[in-house]
Amino acid sequence: MREYTRTADPATPQAPMMRWAVLGAGVGVAAGSLLAASASALAGYFARQVVLPVRKTEDLAILAVVRGDEGLEVILPATAETTDPGTYSLYFDAGRGHARIGEILSFTPAEGTIARRVERVYSGNLETAVRGWWSGAVYATPEDAGFAAESVDIPTAVGAAPAWLVPGTDRADTWAIMVHGRGAARTEGLRALSTTAGLGMSSLLLSYRNDGVAPFASDQRYGLGSTEWEDVEAGIDFALQNGAHNVILMGWSMGGAISLQVADKSRYKRHIQALVLDGPVVNWIDVLRHHAKVNRIPEAVGRLGQWMLSNRAGRTITGLAAPLDLKELNWIAKADQLRVPTLILHSEDDDFVPVGASAQLAELNPEMVTFERFTVAAHTREWNVDPERWEQVVTSWLARIIVAPKPGGGRRSR
């Protein structure tokens, strides 16, 4: 990772005459003002990008699609994503097309290309596609993952948010409520259905404000968990009205940040039995600092962007209806306040949300937090790379949790 370095201006000899000194001072003020304006503009752009809903771009070329004896193969540029082992999705035709991509069949480093098996085309014509984007979501619907589901609407403060409900069996009154990440959709949680169904639990896969499925909030901005948690609380309300007694929150990336806020703030917190968090944002300050560094934004400019997000004066730049309390979203600083059993699965090769904060939270609160470190997997793609291990870890950990009484009493799950 390259560090941003500031190069000092070359020294200039002091002018011997006052008029040059005055001119130099004027140029210095102008240059300083220009630099300050540029820094402010960059900070504002950085802050806006954090809270603007993500629009997917077709940034991956589809070089060829070959039909062989065993079905379709797709030829793609060899990138950090496309060369990872496992199963993924390739979206194309502005998202109208969707294919599930499986094993690597060949890799040609000299040409910078890779061939992978096309396991299934859910929609669209992949053979005519020329560009798309890579995703870890894998399945298109619960039915594609092998599970019957009911489409339901969750009443929220911003309107009806569509969700999928997969009924449980012998533990149907324990509901896994799945919360996707920033720029993702409820399809992200479909990878966990075999785990929750195997435990007999019901599953509710939510949408929430600004995610492209649920209605937009008035400001059309992410709250990084500080607003979205209310939509998840509405999902818990729906669950409790429809037979749930206990709730397991499962969150990916920003969905982890949202789940932590629900566990802290919800009036239904006594029903929350556990959290299962995959690549979670535990501390937004750390994540913002990381992205400023990756994008070679000077540290001072990154801090200014954080200030814009968290102060009323920055709202005209960010578009937020209200400033964000980044300290409230920092669970490293308040680790002892987490009183819900929590399993964190996080890859050390996650280059979007660094693993350090997850490991640190487990060190600071070992009574409540169990940390499972993965390797190789990119952000929230631990299941994609090693589904057997992911499912075994989550199943064995949850099996212990859902049969145990909550601290201080509470109903035992069936």
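What you see below is based on every heavy atom in this structure, not just the backbone, and it leaves out hydrogens, waters and symmetry mates. Positions are given from 1, in the same order as the sequence printed here. Quantities reported herein were computed from a predicted structural model and do not represent experimental measurements.
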- prompt: Can you list the steps and then say if E363 with F371 is a side chain to side chain contact (heavy atoms under 4.5 Å, CB included)?
  reply: CA-CA 9 Å; E363 291 173 0; F371 175 63; over 6 Å; no
task: With side chain to side chain contact (heavy atoms under 4.5 Å, CB included) as the test, would you mind laying out the steps for W397 and V276 before giving the verdict?
output: CA-CA 9 Å; W397 186 84; V276 177; 3.9 Å; yes
- request: Kindly determine whether K265 and E233 satisfy salt bridge (charged side-chain N to carboxylate O under 4.0 Å, His left out), including the steps that lead there.
  value: CA-CA 9 Å; K265 296 177 177 295; E233 182 181 63; over 6 Å; no
task: Test side chain to side chain contact (heavy atoms under 4.5 Å, CB included) on K269 and V340 and set out the steps.
output: CA-CA 9 Å; K269 65 175 65 178; V340 179; over 6 Å; no
- request: List the steps and the verdict of salt bridge (charged side-chain N to carboxylate O under 4.0 Å, His left out) for R373 and E382.
  value: CA-CA 9 Å; R373 184 185 296 268; E382 291 81 3; over 6 Å; no
query: Under the ring-ring contact (aromatic ring centres under 6.0 Å, His included) criterion, do H291 and F352 qualify, and how do the steps go?
result: CA-CA 8 Å; H291 281 276; F352 195 83; 4.5 Å; yes
task: Apply salt bridge (charged side-chain N to carboxylate O under 4.0 Å, His left out) to R389 and D386, showing your working.
output: CA-CA 6 Å; R389 181 185 170 203; D386 196 344; 5.2 Å; no
- prompt: Going through the distances and angles, do T82 and W134 end up as a side chain to side chain contact (heavy atoms under 4.5 Å, CB included)?
  reply: CA-CA 8 Å; T82 61; W134 199 248; 4.2 Å; yes
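The one candidate from D278, T395, N384 that meets the side chain to side chain donor-acceptor pair (under 3.5 Å) condition with W390 is D278.
In this structure, OH on Y268 lies 3.0 Å from CG on D237, to the nearest 0.5 angstrom. Between atom NZ of residue K293 and atom CG of residue L288 there is a gap of 15.0 Å, rounded to the nearest 0.5 Å. Atoms CE and CG, from M250 and L343 in turn, are 8.5 Å apart once rounded to the nearest 0.5 Å. In this structure, the separation between OG1 on T141 and CG on L190 is 7.0 Å, given to the nearest 0.5 Å. Here the OG1-CD1 distance, from T196 to I248, works out to 10.5 Å after rounding to the nearest 0.5 Å. Taking CD of Q273 as the start and CG of L249 as the end, the distance is 11.0 Å to the nearest 0.5 Å.
Heavy atoms only, all atoms of each residue included: E143 and A149 are closest at OE2-N, 3.4 Å. A pairwise comparison of heavy atoms in A263 and I272 identifies CA-CD1, 3.9 Å as the closest pair. In plain terms, the two heavy atoms of E73 and A115 that are nearest each other are OE1-CB, 4.4 Å. Across every non-hydrogen atom of A137 and R191, the tightest pair is O-CG, 3.8 Å. Pairing each heavy atom of H180 with each of L206, the nearest pair is CD2-O, 3.5 Å. Contact record, D170 with G200: OD1-CA, 3.3 Å, taken as the closest heavy-atom pair.
Side-chain N or O atoms of N330 include none that pairs as donor or acceptor with a backbone N or O of I285 at under 3.5 Å. Between the D350 side chain and the V353 main chain, a donor and an acceptor come within less than 3.5 Å of each other. A donor-acceptor pair under 3.5 Å is formed between the side chain of S202 and the backbone N or O of A172. In terms of modelled atom types and a separation under 3.5 Å, the side chain of D93 and the main chain of A129 share no donor-acceptor contact. A donor-acceptor pair is defined here as one N or O able to donate and one able to accept, closer than 3.5 Å; such a pair exists between the side chain of R221 and the backbone of T318. The closest donor-acceptor contact from the side chain of D349 to the backbone of V376 lies under 3.5 Å. The backbone N or O of V54 lies less than 3.5 Å from a partner atom in the side chain of Y222, making a donor-acceptor pair. A donor-acceptor contact shorter than 3.5 Å is absent between the side chain of H346 and the backbone of L277. With hydrogens and angles disregarded, a donor-acceptor distance shorter than 3.5 Å links the side chain of E228 to the backbone of G225. Proximity of a side-chain donor or acceptor of R171 to a complementary backbone N or O of L199 within less than 3.5 Å is detected.
Within the 4.5 Å cutoff, the side chain of W164 has heavy atoms near those of the S151 side chain. You'll find the side chain of L204 reaches within 4.5 Å of the side chain of F238, heavy atoms only. With contacts defined as side-chain heavy-atom distances shorter than 4.5 Å, the pair W252/M178 qualifies. Between T370 and T342 the shortest side-chain heavy-atom distance does not fall below 4.5 Å. Counting heavy atoms from C-beta outward, T227 and N210 have side chains that stay 4.5 Å or more apart. Side-chain contact between V232 and S259: absent, with no pair of heavy atoms (C-beta onward) separated by less than 4.5 Å. Inter-residue side-chain proximity for W331 and Q261 is flagged as met; some heavy-atom pair is nearer than 4.5 Å. Contact check for L345 versus W383: no side-chain heavy atoms found under the 4.5 Å cut-off.
Among residues two or more places apart in sequence or in another chain, the salt bridge (charged side-chain N to carboxylate O under 4.0 Å, His left out) test is passed with R67 by E127.
Between the side chains of R100 and Y139, no donor-acceptor pair is found at a separation under 3.5 Å. Between the side chains of S226 and E328, no donor-acceptor pair of N or O atoms lies under 3.5 Å.
When the shell of 6.0 Å around OH of Y45 is examined, it contains 12 or fewer heavy atoms from other residues, nucleotides or ligands.
By the 30° and 60° cut-offs, the orientation of the rings of Y91 relative to W133 is parallel.
A salt bridge does not link E58 to R131: none of the charged nitrogens lies less than 4.0 Å from a carboxylate oxygen. Ion pairing of R315 with D219 is absent here, as no side-chain N (NZ or NE/NH1/NH2) approaches a carboxylate O to less than 4.0 Å.
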